[in-house]
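Ligands are counted one by one from 1 in listed order, and the atoms in each one are counted from 1 as well. For reference, positions follow the sequence shown, starting with 1.
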Amino acid sequence: MPEGDTVFQTAARLRAALAGKTLTRCDVRVPRYATVDLTGSMVDEVLSRGKHLFIRVAAGASIHSHLKMDGSWQTGRVRAGAHAVRIILETSDTRAVGVDLGVLEVLDRAHDLDAVAHLGPDLLGEDWSAPRAAANLTADPDRPLVEALLDQRVMAGVGNVYANELCFVFGQLPTAPVQRLPDPQRLAAQARNMLWSNRLRTNRTTTGDTRRGRELWVYGRGGQPCRRCGTLVETDRHDARVTFWCPSCQR
Ligand SMILES: [Zn+2]
C-alpha cells in the first residue's frame, strides 16, 4: 500500500514527463475504456489527492488512477510484463506506463474530483486542516488508532508505514482506542510534518536519520531492538496489514 508521499512524487514525475505535451499514443488496456483514444490532445496538468492521481487532458478528459497494493506509473524503461500494463501514454519524447493500477478510469474532467469527494483533508494538499483531521480522527472514540489513521476519509495520505510510526511517536499501541490520544490535533499536525518533509525524498525517514537502516522507528523492524529503549519490537499480521510496536514505549 503506497503512502501519500509516494503518490505525490509519482505525480511530480508524471507532470515533468507529460505536462504541456501532446499525446502521440494513448493505449488504455482496461476493457471498459479500451476505445478511449486521447491521441492528439495535450496534457494540461497532473495532480494528486491523497493517494489518487489525475492526468488532465485538454480534450476534457481526466485519467484517474490509484496504485492500490502493487501499482506504479513508470517512465523510461518499464519493468513489468505486458500482462500487467494497464495504460501507455506517449509524447514525442517520453513514455509513461501504468502498471498493475488498482483503479484506472477515464472521467469527465469537469467532475473528476467527485471521485475523491469522500476523502478527508489531504496531508499534502492545499485543503489541509489539522483541526478537521483531528475531529475526523476522534469521531468514533472506540476505534483503534491504526485503523482510524489508515482511513482515507479521516485524512488522506497515511499508509501503513506512517500509521505505525505515528503510533510509536505518540506512545500509543496501534490497537488503542482513539479516545486515549491526549491531543489529536498534535498527531494530525505531526502526520502532516512527516509526509511533508518526505515529499521530495526517495529515502523516507521518520526518525530524522536518512542513513540506511536508521530511517524508521518500528515499521519493518519486528524482532529488532527499539531505538529508544532496546525492547524487541513486536509485530502482528492482521489480514494483509502488518503492525509493529514497542511493548515498552507504547502502552
Ligand atoms: Zn521502546
Members sharing Val146's hydrophobic cluster (side chains within less than 4.5 Å):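 Other cluster members: Leu150.
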ILVMFWY clustering at 4.5 Å (side-chain atoms), partners of Val46: Val7, Leu14, Leu18, Leu23, Val28, Val30, Tyr33, Val36, Leu38, Val43, Leu53, Ile55, Val57, Ile63, Leu67, Trp73, Ile87, Leu89, Leu101, Leu104, Val106
Minimum-distance pair of heavy atoms, taken over all atoms of Val233 and Arg221: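 That closest heavy-atom pairing would be CB-O, 3.4 Å.
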Test: Lys68 and Asp100 ion pair at under 4.0 Å: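 No.
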Ring geometry between His52 and His118 (parallel below 30°, tilted from 30 to 60°, perpendicular above 60°): perpendicular
All pairs passing salt bridge (Lys or Arg N to Asp or Glu O under 4.0 Å) where residues 123-145 contributes a residue, at least two apart: Arg143-Glu147, Arg143-Asp151
Every N, O or S from the protein that is nearer than 2.8 Å to the Zn ion (ligand 1): Cys226 SG, Cys229 SG, Cys246 SG, Cys249 SG
